[in-house]
Amino acid sequence: MEASSPAKAVKKAVKATVESAAARAAELLAEREAPPVPGSPGSGTPSLAEPTKPRGPLPPKPDQAGPDRRTATGAPTDAPAEAVSGQGPFLTTSQGARLRDSDHSLKAGERGPTLLQDHHLREKITHFDHERIPERVVHARGAGAHGTFIGYGNARSVTKAGFLAKGVETPVFVRFSTVLGSRGSADTVRDTRGFATKFYTDQGTFDLVGNNIPVFFIQDGIKFPDVIHAGKPHPDREIPQAQSAHDTFWDFVSLHTEAQHHTLWNMSDRGIPRSYRTMEGFGVHTFRCVNSDGETSLVKFHWKPVLGVHSLTWEEAQLLAGTDPDFHRRDLYDAIEAGAFPQWELGVQVLPDTPDELFAGIDLLDPTKLVPEELAPVQAIGLLTLTHNPTNFFAETEQVAYHVGNLVPGIDVTNDPLLQARLFSYIDTQLTRLGGPNFHQIPINRPHAPVNDMLRDGFHQDAVHGGVAPYKPNSLDGGCPFFAGGAKDGAFVDIPAHVADAVKIRANPASYDDHYSQARQFWLSMTPVEKEHIVAAYTFELAKCFEQSVKERQLLALANIDSDLCAQVAAGLGLPAPKPSEPLVDLDPSPALSQLGDVWPTDGRMIGIIVDPDGDLSGLDAVRAAVSAAGMVPLVVAPYGGKLPDGTTIQRTFAATRSVEYDAVLVAGSPAPGADALVVRDSKAGEEGAPLLDPRVALLLQECFRHAKAIGAWGAGIDALEVAGVAADAPGVLGGDDPEAVFAGVHTALGAHRVWERFGTVLS
């Protein structure tokens, strides 16, 4: 594949595929009777009283889909979704015996001891005691969704992988996650995020298990327990949860300086993404691919979000951790339910497979290094669309098992020492976490290709194997299963890469010794506002460390990245800025590393519309319709719940909302303090007795303003801005007489995510 512009035919194929995917998404959406606002917990409307008339289970919600109904050996079935869920209207034991009571244990008289005979009690309690599998050591906090991947067909010169052929549609399951926190931690902590995709191809399952940061903390997998132990809560107190702002983390990374590049990415806005939908993904490692002619290339995989890369502000992340710790997973689920299907393009950087495995002086086997996109452009080769939420979180998102060794013909691993350790670690982890060697038979993990593996027995064996000869060679089973006759039969063939003549040694090549030049390149590629955020992040995190020596040692590392960065962080810590101990190397800035400076689609954004129930509501319906037509979700915000005088449904109340829920705000009125605007009832109410504007609205507008969000107002809403102290002539604050025209201006501003120029900060 050439690094230059693709041929017209490829462009045409890509365009046709994208249009086809968009049409399919529209068809899916048209099939649904989607609620005007996502978040409905069930597929039916509950009655006020407890239902007593027996009936069967409710169907899944329209936005939900479970694992493909297949046998344990990969054969498709005709079983509908309802067939693998609860059956019949009555409560039963696990063996199907109907129960008449599940509220009382079997006792020796009403006040007597409970009897060992109570089989239902023992079954119910035993299963409850074991319904939580051991959580993942890392990536415990996750969210997943089903979707499809469609190949563009332009990767054939690089790889013979069948799922990348033109128009081939492959089912996928994607799991996003944080790294350090437990399952109960908040979504919006500053952390690396996992981005793992399971492709159910007809050649076998391919897992692309990556992160939202293209580099990693360590160069060799033998150090993985060290970096995770350092980042996890301190073992004596089990605090802090889901944070790197503590001594053990900074002690490790300041001593093990190969971690500095990843750490800098984590301290940037990449560490607090706005949404999984606006998060970039990377395969991290270099892979070796082979095409049908046997020609090999080295490849780095990228996921590019169609909505663009976008992040939270630090204050928003902190507020959300308290007001909605499930913010990222809720955002993902709600977007899918609302029909704003998240999309990413899969791209590749194609690099020559040279004996030294270097490109432009960059060691391609070093996972702490990236290849700037300006040197090797990312070429799009397919489109991922997430279309359905899980039906059951445990059965799907929690039990899904990824493995970097799940490969398909045309894609192979390299000798990256971090990747090599991962090849061992993933299967070893699943044996304990998922209770035995047959975890691949769990429905979410079942391949969509025929399986005849000769693996037998073990815990949780779901297949009923026939035959008497699970060994090779055999004649008793007629020789079956047979070996595939090489590539012509679609066999996976390990690429015969050359192994250099060498001695066994515990060491790294000299090219791994450079720990700072790419970290400096990242810093030099940031815009001024992004640099400010990085300085603030380092200052906050290091201020949380107790030991002065840890802070001083990390400042020594920052001095080797950039003197200005080091000086500003040192000033915030009240410490002197050290001099660099190594020469500062100036690599060319890479604009692709910055999140800012482009215009992106606004699909699925949340638009808060503040109204005064006693004020002028004209134009509200037209604005709500315009927001919906633009692919965004309008949320009417009022002092109380229920409906407005004109019959409009209210989705949020002043007491139950916060600015972080919205990407932009429209102010349609200036509501006076609500009846519940009392500090004793709602601390957001602030000072009591403010006569002109509910203080919670003022707080919401002030937060939106300082978080650089677009704000629009008309009529009495303009007065509300003045009372709240929001400058009506500030960049990104739009007022006028025509509500639809005001929204049009807000819509345009949303394309850049935020209005940073509001604070006099330029983007370059």
Side-chain angles (χ1 to χ4, degrees), residues 190 192-193 195 210-215 260-282 284 300 302-314 316-317 344-345 347 349 360 362 368-380 516-538 558 561-562 564-565 568-569 584-602 663 707-709 731-732 749-764:
R190 183 180 294 281
T192 304
R193 263 72 180 178
F195 191 136
N211 288 333
N212 72 321
I213 291 175
V215 294
Q260 288 296 318
H261 191 190
H262 188 149
T263 302
L264 183 55
W265 277 76
N266 236 29
M267 294 302 104
S268 77
D269 292 340
R270 303 278 186 151
I272 44 174
R274 158 63 180 81
S275 164
Y276 291 134
R277 298 181 292 132
T278 60
M279 191 175 79
E280 203 166 4
F282 303 90
V284 180
K300 283 185 172 290
H302 295 246
W303 289 112
K304 295 288 188 181
V306 171
L307 297 181
V309 186
H310 181 34
S311 296
L312 297 167
T313 67
W314 180 228
E316 285 180 311
W344 292 259
E345 282 194 307
Q349 288 179 297
I362 301 165
T368 69
K369 304 293 193 303
L370 57 81
V371 176
E373 293 183 28
E374 291 74 19
L375 298 180
V378 175
Q379 303 169 69
Y516 296 111
S517 66
Q518 285 206 341
R520 177 165 174 77
Q521 181 183 41
F522 182 83
W523 169 257
L524 296 175
S525 302
M526 296 293 99
T527 60
V529 67
E530 290 171 307
K531 288 182 176 179
E532 289 293 336
H533 295 167
I534 291 171
V535 169
Y538 272 113
L558 294 183
I561 297 173
D562 186 82
D564 185 50
L565 168 62
Q568 293 190 60
V569 174
L584 298 181
V585 179
D586 282 334
L587 300 179
D588 291 334
S590 171
L593 299 178
S594 171
Q595 296 184 193
L596 306 183
D598 211 334
V599 177
W600 303 99
T602 58
D663 295 287
H707 296 159
K709 293 179 179 177
L750 266 174
H753 297 314
R754 297 188 193 269
V755 192
W756 291 118
E757 57 268 31
R758 177 177 295 165
F759 308 113
T761 304
V762 296
L763 300 182
S764 61

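What's counted below: heavy atoms across the whole structure, side chains too, no hydrogens, waters or symmetry copies. Starting from 1, each residue takes its place in the sequence as its number.
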Exercise. Given Trp265 and Leu370, is the side-chain contact (heavy atoms from CB on, under 4.5 Å) satisfied, shown in steps?
Worked result: CA-CA 12 Å; Trp265 277 76; Leu370 57 81; 3.6 Å; yes
Rounded distance (nearest 0.5 Å) linking atom [atom1] of [X] with atom [atom2] of [Y]:
| X | Y | atom1 | atom2 | value |
| --- | --- | --- | --- | --- |
| Lys531 | Leu524 | NZ | CG | 6.0 Å |
| Met267 | Ile272 | CE | CD1 | 10.0 Å |
| Asp586 | Arg520 | CG | CZ | 4.5 Å |
| Ile561 | Tyr538 | CD1 | OH | 5.0 Å |
| Leu593 | Glu373 | CG | CD | 7.5 Å |
| Ser275 | Leu307 | OG | CG | 7.5 Å |

Problem set entry | His533-Trp756 aromatic ring centre distance below 6.0 Å | yes
For this session: Assess the pair Phe195 and Trp303: is the distance between their ring centroids shorter than 6.0 Å?
Result: yes
For this session: Using the six-membered ring of Trp344, assess whether NZ or CZ of Lys304 lies under 6.0 Å from its centre and within 45 degrees of the ring axis.
Result: no
Exercise. Under 3.5 Å, is there a donor-acceptor pair linking the side chains of His302 and Gln349?
Worked result: yes
Problem set entry | Under 3.5 Å side-chain donor-acceptor pair for Asn266 and Thr192 | yes
Closest heavy-atom pair and its distance - [X], [Y]:
| X | Y | value |
| --- | --- | --- |
| Leu375 | Ala360 | CD1-CB, 4.0 Å |
| Val755 | Ala749 | CG2-CB, 4.5 Å |
| Val371 | Ala376 | CG1-CB, 3.9 Å |
| Ile362 | Pro372 | CD1-CD, 3.8 Å |
| Ser517 | Leu587 | O-CD1, 3.6 Å |

For this session: Using a strict cut-off of less than 4.0 Å between a Lys/Arg side-chain nitrogen and an Asp/Glu carboxylate oxygen, indicate whether Arg274 and Asp663 qualify as a salt bridge.
Result: yes
For this session: Report yes or no: does Asn211 contribute a side-chain atom to a donor-acceptor pair with the main-chain N or O of Ile213 at less than 3.5 Å?
Result: no
For this session: State whether the side chain of Arg190 and the backbone N or O of Gly271 hold a donor-acceptor pair below 3.5 Å, judged by distance alone.
Result: no
For this session: Please name the residue in the list Ser594, Ser268, Ser311, Ser525 that meets the side-chain hydrogen bond (donor to acceptor under 3.5 Å, both in side chains) test with Glu530.
Result: Ser594
pair [X]-[Y]: side-chain heavy atoms closer than 4.5 Å:
| X | Y | answer |
| --- | --- | --- |
| Val585 | Gln521 | no |
| Trp600 | His753 | yes |
| Val378 | Lys300 | no |
| Asn212 | Glu280 | no |

Problem set entry | Whether over 12 other heavy atoms sit under 6.0 Å from Asp588 CG | no
For this session: Kindly indicate, with the supporting measurements, whether the criterion side-chain contact (heavy atoms from CB on, under 4.5 Å) is fulfilled by Val215 and Val284.
Result: CA-CA 6 Å; Val215 294; Val284 180; over 6 Å; no
Problem set entry | Verdict with reasoning, Gln595 to His310, per side-chain hydrogen bond (donor to acceptor under 3.5 Å, both in side chains) | CA-CA 7 Å; Gln595 296 184 193; His310 181 34; 5.3 Å; no
Exercise. Checking side-chain contact (heavy atoms from CB on, under 4.5 Å) for the pair Arg270/Val309: CA distance, chi angles, key distance, verdict?
Worked result: CA-CA 9 Å; Arg270 303 278 186 151; Val309 186; 3.9 Å; yes
Problem set entry | Derivation and outcome, side-chain hydrogen bond (donor to acceptor under 3.5 Å, both in side chains), residues Thr313 and Glu316 | CA-CA 5 Å; Thr313 67; Glu316 285 180 311; 3.3 Å; yes
